[in-house]
Structures are given as structure tokens and as C-alpha cells.
Amino acid sequence: MTTAEQVLPGQMMAVDVDEVPPVELGPGVQVRALPGPPGIRTWVIDLAPGAEWPDLDVHETYGEAYFVVRGEVIEGERTHGPGSYVAFGPKTSHRPRTRTGVRTFGFNYDVTG
């Protein structure tokens with residue numbers, strides 16, 4: 001994923017998510033890196049209908065969490081629709097996919113931040 005601006009102490013930043021240039025990670029998979037506080041990566045991911053994350057997403061030391069904004073995401077055999085919050089702890093992995101298309105908003109800890 002790309003690196004976004006950090007929001008530093010005493011600073012406030014607002015962006016229009018759809019104005020943030022996406023990075024294509026694979027067929028039908030777009031990532032928008034959003035500004036966030038140091039140590040946390042925030043992002044929006046859009047998967048087109050029928051798309052799947054390009055590789056297994058492994059979380060060794062820290063987890064990941066996301067909120068389904070619209071559409072449906074499939075994790076394993078479970079489908080999560082709009083309003084769902086999905087969290088992964090350390091030592092987990094997943095490969096999200098979708099039949100309908102999906103937009104998620106999420107974050108990861110980033111020790112390099």
C-alpha cells in the first residue's frame with residue numbers, strides 16, 4: 001500500500017475520499033491511502049464485482065480492522081454487508097473477495113509510522 005500524509009499533533013486534516021488517487025493492487029482492487037495519525041495506516045479499499053484480494057493478507061504482529069461502507073465482502077465462507085465491522089487479531093490472515101462489489105474503510109497499526 002502507498003503511504004499517506006501523517007496527521008501530526010495539533011493538526012486536523014480532511015479529504016474527500018473519492019478525490020484521493022487510487023492505487024490498483026490487482027484486477028478490480030483499488031486502495032486509497034488516507035491521512036492518519038503516526039503509527040496507524042488508514043485506507044479505503046474498493047473491490048469491483050467479482051474481485052479478490054491479489055494475495056493472502058497476513059497479519060503477524062498487529063491486526064487489522066475495517067468497516068463495510070457499501071456492498072458485500074466475503075471472508076472465508078461468511079458474507080459481511082453494509083454496516084459490518086470486521087476485525088482480525090495478530091497471527092491471522094485472510095483474502096477478501098466480493099460478488100457484488102464493496103467499499104471498506106479500515107486501519108492497520110504501522111510500526112514504521
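On a predicted model such as this, the values are computed, not experimentally measured, just so you know.
- Without hydrogens or angle criteria, Thr42 side chain to Pro35 main chain gives a donor-acceptor distance under 3.5 Å.
- Side-chain contact check for Arg41 versus Leu34: every heavy-atom pair is 4.5 Å or farther apart.
- For the pair Tyr109 and Ile40, the minimum side-chain heavy-atom distance is below 4.5 Å.
- Using a 4.5 Å heavy-atom threshold, the side chains of Arg103 and Val17 count as touching.
- Put simply, Val68 and Ile45 are part of the same group of oily side chains (I, L, V, M, F, W, Y) that touch within less than 4.5 Å, one to the next.
- By the 6.0 Å contact criterion, CZ on Phe107 is open, its count of non-hydrogen atoms from other residues, nucleotides or ligands being 12 or less.
- For Ala51 against Gly28, the heavy-atom pair with the smallest separation is CB-O, 3.6 Å.
- To the nearest 0.5 Å, the span separating OG1 on Thr98 from NE2 on His80 amounts to 11.5 Å.
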Atom pairs and distances, side-chain donor-acceptor, residues 81-97, under 3.5 Å, sequence neighbours left out:
| from | atom 1 | to | atom 2 | distance (Å) |
| --- | --- | --- | --- | --- |
| Ser84 | OG | Gly81 | N | 3.3 |
| Ser84 | OG | Gly81 | O | 2.8 |
| Lys91 | NZ | Glu60 | OE1 | 3.3 |
| Thr92 | OG1 | Gly89 | O | 2.6 |
| His94 | ND1 | Glu75 | OE1 | 3.1 |
| His94 | ND1 | Glu75 | OE2 | 3.0 |
| His94 | NE2 | Asp57 | OD2 | 3.3 |
| His94 | NE2 | His59 | NE2 | 3.1 |
| His94 | NE2 | Glu64 | OE2 | 2.9 |
| Arg95 | NE | Trp53 | O | 2.7 |
| Arg95 | NH2 | Trp53 | O | 3.3 |
| Arg95 | NH2 | Pro54 | O | 2.9 |
| Arg97 | NH2 | Gly76 | O | 3.3 |

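- Within the 4.5 Å cutoff, no side-chain heavy atoms of Phe105 are placed close to those of Trp43.
- The side-chain heavy atoms of Val69 and Thr104, taken from C-beta on, include no pair separated by under 4.5 Å.
- Under the 3.5 Å distance criterion, the side-chain polar atoms of Thr79 are left unmatched by any main-chain donor or acceptor of Ile74.
- Annotation for Glu52 and Val29: closest pair O-CG2, 3.5 Å, computed over non-hydrogen atoms.
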